[in-house]
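Below is one structure; the comments refer to it alone.
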Amino acid sequence: MIADACTDADREYMQRALTLAARGLYTTDPNPRVGCVLVAGEQVVGEGFHQRAGEPHAERHALAQAGDRARGATCYVTLEPCAHTGRTGPCAEALVAAGVSRVVAAMQDPHDKVAGKGLERLRAAGIDVACGLMEAQARALNPGFIRRMETGRPFVRVKLAMSLDGRTAMASGESKWITGAEAREQVQFLRARSSAIVTGVGTVLADDPAMTVRPDQWRSAEYPVDPVRQPLRVVLDRSLRTPPGANIISGPGETLLATGMAKDSASAAALAAAGAQVVQLPASGSGVDLAQLLVELAARECNEVLVEAGPTLAAAFVSDDLVDELVVFMAPALLGSNARPLMLLDQLDTMADRITWQFADVARVGNDVCLTLTRARQA
């Protein structure tokens with residue numbers, strides 16, 4: 001769908017728009033991360049990025065900076081301009097009113113209220129429109145928003161930490177700390193970009209974690225907006241064993257307990273009085289139905305879900321084929337054969353039964369290694 005007329009200069013300006021969009025990585029939820037650059041002649045006259053839901057979109061920031069210089073300019077934007085009125089007015093109309101002559105969008109917006117309507121409005125106004133330039137990079141910025149719009153469920157990322165021999169804790173349960181401080185800091189960034197963090201009641205009872213975002217400092221040239229939003233904390237607790245005084249409930253932000261028990265039970269009432277939300281979901285095996293959990297989270301506008309859980313729950317997400325990405329921090333240490341494994345998967349009898357993944361990235365993080373993997377699909 002990309003116009004043949006796109007040039008190296010177009011790619012340069014779109015790359016700038018993508019860089020701007022990434023500045024909202026931790027703050028735009030549940031909206032997508034979007035950047036915009038306005039160019040008149042060979043001069044950038046305006047640029048901006050979407051910072052928070054309810055605040056101006058990227059195009060609005062760029063237009064405000066450009067002023068009258070937007071007339072006749074080319075607009076480079078990483079997502080199709082919206083054509084509907086939500087918390088803000090339609091950006092397609094703003095571009096038409098500003099008099100831009102050309103719009104280059106990286107991708108069409110998958111939201112059903114837009115889905116090509118913004119591009120159609122621009123073309124109807126006589127604006128030259130191209131779409132599809134650097135689409136893969138634009139999609140990589142918004143895996144959760146796109147997944148939710150296209151499939152009705154969030155993007156699921158499972159975070160794990162293990163030793164060289166694939167162990168996550170000693171037989172006693174002792175696990176602090178397998179990885180170093182740098183790896184633990186990296187987890188804070190994974191949490192901050194997520195809409196929700198999911199764990200199991202076993203982890204809550206064993207470790208009493210807060211599972212909040214706790215970075216020391218965020219404001220920088222790369223990420224100039226502080227992420228004041230805490231992700232929704234989700235505990236899978238079929239029998240509502242979570243103590244009302246648990247850190248995961250008392251911390252900042254909201255906590256959701258997904259259970260198989262009736263919401264009007266005494267346990268549910270005590271947890272609700274402590275500040276937690278309780279939702280009843282269908283049971284599956286010894287827990288709750290994970291696919292239904294993701295539907296529930298999508299309905300709550302969750303884009304990216306981070307699973308931080310023990311070997312049983314992590315394996316359940318993998319076995320149900322609900323994981324889009326694995327992030328595994330590997331420490332240069334050996335814990336021994338009696339230590340706890342990375343996942344408690346059902347028995348796989350042959351090599352044909354193995355669950356295969358492919359590496360998306362391998363990076364050094366302090367003295368550890370971070371492995372990012374996506375599921376290898378059959379052709």
Side-chain angles (χ1 to χ4, degrees), residues 11 14-29 32-33 35 78 106-107 134-148 150-151 153-168 177-198 213 215 218 220-223 227 231 303-309 311 314-315 317-318 321-333 342-343 354-379:
R11 292 177 177 83
M14 184 60 78
Q15 182 57 61
R16 174 59 182 167
L18 290 163
T19 300
L20 288 167
R23 290 188 177 186
L25 187 65
Y26 304 104
T27 60
T28 65
D29 204 76
R33 299 128 186 170
T78 59
M107 63 173 289
M134 303 177 75
E135 180 173 352
Q137 294 93 319
R139 292 182 71 90
L141 274 173
N142 292 296
F145 177 78
I146 294 169
R147 177 58 55 85
R148 180 164 65 89
E150 292 181 344
T151 70
R153 74 168 182 84
F155 181 94
V156 177
R157 179 181 289 114
V158 174
K159 186 276 296 182
L160 300 160
M162 70 176 189
S163 62
L164 279 175
D165 50 350
R167 304 291 168 165
T168 61
W177 295 101
I178 294 176
T179 55
E182 294 90 343
R184 297 195 297 275
E185 289 174 6
Q186 195 69 26
V187 174
Q188 290 292 310
F189 288 89
L190 291 176
R191 289 181 180 179
R193 69 174 293 168
S194 301
S195 309
I197 302 171
V198 175
V213 177
W218 282 89
S220 66
E222 187 176 7
Y223 303 114
N303 291 333
E304 297 182 29
V305 170
L306 178 66
V307 178
E308 293 192 56
F317 271 97
V318 169
D321 197 17
L322 297 173
V323 180
D324 299 293
E325 184 176 276
L326 288 177
V327 178
V328 183
F329 293 93
M330 184 172 67
L342 187 68
M343 292 188 195
R354 71 190 188 277
I355 303 171
T356 56
W357 297 78
Q358 56 191 12
F359 288 106
D361 188 50
V362 178
R364 181 80 174 263
V365 181
N367 198 39
D368 305 311
V369 174
C370 179
L371 310 174
T372 303
L373 306 101
T374 56
R375 183 68 186 273
R377 305 292 180 184
Q378 295 295 328

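Treat the numbers as computed from the prediction; the structure is a model and nothing was measured.
- Rounded to the nearest 0.5 angstrom, Leu373 CG and Phe359 CZ are separated by 5.0 Å.
- Proximity of Arg193 to Arg33: side-chain heavy atoms (C-beta onward) are separated by under 4.5 Å at one or more points.
- Residues Ile146 and Met107 come closest through the heavy atom pair CD1-CE, 3.7 Å.
- Of all non-hydrogen atoms in Ala21 and Gly35, the two that sit nearest each other are CB-N, 3.2 Å.
- Taking the centre of each ring, Tyr26 and Phe189 come in below the 6.0 Å mark.
- Counting heavy atoms from C-beta outward, Phe329 and Met162 have side chains that stay 4.5 Å or more apart.
- Inter-residue side-chain proximity for Arg153 and Arg148 is flagged as unmet; no heavy-atom pair is nearer than 4.5 Å.
- Checked against Arg157 for a side-chain contact (heavy atoms from CB on, under 4.5 Å), the options Leu190, Val305, Thr372 give a single hit: Leu190.
- Contact of the Val307 side chain with the Lys159 side chain is not registered, since no non-hydrogen atoms from C-beta on lie closer than 4.5 Å.
- Of all the heavy atoms in Ser194 and Leu306, the pair that sits closest is OG-CB, 3.4 Å.
- With respect to Arg139 and Glu150, a salt bridge is recorded, a charged nitrogen being found less than 4.0 Å from a carboxylate O.
- The closest side-chain heavy-atom distance from Thr78 to Met14 is below 4.5 Å.
- The shortest side-chain heavy-atom distance between Pro143 and Asp324 does not fall under the 4.5 Å cut-off.
- At a threshold of 4.5 Å between non-hydrogen side-chain atoms, the residues Val323 and Trp357 count as touching.
- Residues Leu160 and Ala314 come closest through the heavy atom pair CD2-CB, 4.0 Å.
- Residues Ala161 and Ile178 approach most closely at O-CD1, 4.0 Å, considering heavy atoms.
- Contact annotation: the side chain of Cys370 never approaches that of Val362 to less than 4.5 Å [non-hydrogen atoms, C-beta and beyond].
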Verdict with reasoning, Glu325 to Arg375, per salt bridge (Lys or Arg N to Asp or Glu O under 4.0 Å): CA-CA 7 Å; Glu325 184 176 276; Arg375 183 68 186 273; over 6 Å; no
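- Remark: the backbone N or O of Arg167 is paired with a side-chain donor or acceptor of Ser163 at under 3.5 angstrom.
- Checked for salt-bridge contact, Glu304 and Arg147 miss the test: no charged N lies under 4.0 Å from a carboxylate O.
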Working for side chain to side chain donor-acceptor pair (under 3.5 Å), residues Ser195 and Asp29: CA-CA 7 Å; Ser195 309; Asp29 204 76; 2.7 Å; yes
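- The backbone N or O of Gly180 lies less than 3.5 Å from a partner atom in the side chain of Asp368, making a donor-acceptor pair.
- Atom CG in Leu326 sits 9.0 Å away from atom OG1 in Thr374 (nearest 0.5 Å).
- Put simply, CG on Leu18 and CZ on Arg23 are 13.0 Å apart, with the number rounded to the nearest 0.5 Å.
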